[in-house]
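Notes follow once the structure below has been shown.
Note: hydrogens, waters and symmetry copies are ignored here, and every other heavy atom, side chains too, is used. Note on naming: letters A, B, ... go to the chains in the order of the sequence lines (proteins, then strands), and numbering restarts at 1 for each one.
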There are 2 protein chains.
Amino acid sequence: MASRSTTGKRAHRGAAKRAPLLPPKAGSRRFIDDYLLYLLSRASAMASGEFHAQLRARKIPLPRWRVLAVLDGTDGLTVGELAAACLFKQPTMTKALDRLEVEGYVARESAKGDRRRVRVVATDKGRALVAGLIAEAKAHEARVLKNHSATEKKHLKNALRRLIARET
Amino acid sequence: MASRSTTGKRAHRGAAKRAPLLPPKAGSRRFIDDYLLYLLSRASAMASGEFHAQLRARKIPLPRWRVLAVLDGTDGLTVGELAAACLFKQPTMTKALDRLEVEGYVARESAKGDRRRVRVVATDKGRALVAGLIAEAKAHEARVLKNHSATEKKHLKNALRRLIARET
DNA sequence: CGATAATATATGAAAAGGAATATATTTAAG
DNA sequence: CTTAAATATATTCCTTTTCATATATTATCG
């Protein structure tokens, strides 16, 4: 393992960086450059990374945004439904909800009819916060898709929806 | 916080689950259902999740696959380049490489010309492993895109490449 | 050249995430 | 009704990731 030793000097300060993504070599034959899962991951990481930076600037942790965004337009979801929609594992969601509940962004109600389930709803404070964030998110999306025609946008989103809806 | 108490009974056994993704309600007006970043994340998580399950079945940790896949077709990359390409933070990559080096999948060479940089190359063992995995990945991608025409595939990949290449 | 800034990688403490499992409740079998 | 299986959420423990910073080397500027 490479190691370093004695006297040190400089340091970074801002939020930790993901090194700038390198463009593929000219006449590239790299596997990843034509691998769908890689293109999806990278496009997603790149676009989301930008918005996450905006959230960080406003001191909004990811789970707060994700949970409230997913709850928007619903009349409450169970822990499991939230986890699925937020792409979290269930234990991760339970812990995120503990924080969000203490902070007053969501409330847990025992779902009527089945006392195993917990219905999670956004509080007024949560709804107020997410309204502004959704506006920001839409503005950001518009910038991301600035150079795409309406048709292209529609095709892209439909293609993604087909991937999501696909049978395993 | 909701809590439970006394005697317990059942348990799960397989790998931890992401609860099944719920389809959008019928005449949905949910924000996320038309939000590009969400569609990207979910399509990516869904497709990658399937392949990751194959990797888990073969006891291959994610970073081993990612690093070797990214190194494929290159003559070695620096730690920072690898981190960027693998969508990892740099310290995460350093630690992943520590493991991969010990296990014999990659080797660190001090890059000539600039002794700060470390050039990482796949070993024979690494290349042998990744060859099979890439074949699996291609087969999986074919299944994912089974119901898409050649034109649709091309358009989708090109759209993703445009997102990746986009100026911030 | 010598000092200071910049860049690349590594390290350590702390937080987050995940697999396995415990607990609570409901459903199904008999 | 009673018991066993299934389902939903919570909790524990352990690994991995991340943030902040240290270390090593190179570039720049006077």
Round to a whole Å and report the spacing from NZ of A:Lys112 to P of C:dT25. 18 Å
Counting any heavy atom closer than 4.0 Å, what does A:Arg119 reach on the DNA or RNA strands: base, sugar-phosphate only, or nothing? nothing
Expressed in angstrom and rounded to an integer, what is the separation of B:Glu101 atom CD from C:dT9 atom P? 14 Å
Value in whole Å for how far the P atom of C:dA10 lies from CZ of B:Arg117: 14 Å
Protein-nucleotide distance (B:Leu77, atom CG; C:dA8, atom C1'), rounded to Å: 15 Å
Could one point to a donor on the side chain of B:Lys95 or the base of D:dT15 with an acceptor on the other under 3.5 Å away? no
Starting the side chain at C-beta, find the nucleotide from C:dT26, C:dG18, C:dT11 nearest to A:Arg115. C:dT26
B:Arg108 vs C:dA10: side-chain N/O to OP1/OP2 distance below 4.0 Å: yes
Between C:dG12 atom C1' and B:Lys89 atom NZ, what is the distance in whole Å? 17 Å
Is the phosphate of D:dT18 approached by B:Thr92 (side-chain N or O, under 4.0 Å from OP1 or OP2)? yes
Options D:dC19, C:dT9, C:dG17, nucleotide nearest the side-chain atoms of B:Thr94: C:dT9
Closest to the side chain of A:Val118, out of D:dT9, D:dT12, C:dA10, is D:dT9
Rounded to the Å, how far apart are A:Leu87 CG and C:dG17 P? 13 Å
Ignoring hydrogens and angles, does a donor from either the side chain of A:Arg116 or the base of D:dT9 sit under 3.5 Å from an acceptor on the other? no
Gap between atom CG of B:Leu40 and atom CD1 of A:Ile164 - 0.5 Å precision: 8.5 Å
Under 6.0 Å from the NZ atom of B:Lys125, do we count more than 12 heavy atoms belonging to anything else shown? yes
According to side chain to side chain contact (heavy atoms under 4.5 Å, CB included), who are the partners of A:Ser48, at least two apart in sequence or on a separate chain? A:Ser44, A:His52, B:Leu37, B:Ser41
Given atom CZ of A:Arg99 and atom C1' of C:dA16, what is their separation to the nearest angstrom? 8 Å
Rounded to whole angstrom units, what separation is found between the CG atom of A:Leu62 and the C1' atom of C:dG17? 13 Å
Identify which nucleotide among D:dT9, C:dA6, C:dA13 has an atom closest to any side-chain atom of A:Val79, counting heavy atoms from C-beta outward. D:dT9
Comparing nearest nucleotides in DNA chain C, the 5'-proximal residue of the pair A:Asp114, B:Leu97 is B:Leu97
Salt bridge (charged side-chain N to carboxylate O under 4.0 Å, His left out) filter on B:Arg64, not counting sequence neighbours, yields B:Glu103
What I want to check is whether the side chains of A:Gln54 and A:His140 have a donor and an acceptor closer together than 3.5 Å. no
Here's a test of your reading of the structure: between A:Pro63 and B:Thr78, which maps to the more 5' nucleotide of DNA chain C? B:Thr78
Is there a donor on the side chain of A:Gln90 or the base of D:dA10 sitting less than 3.5 Å from an acceptor on the other? yes
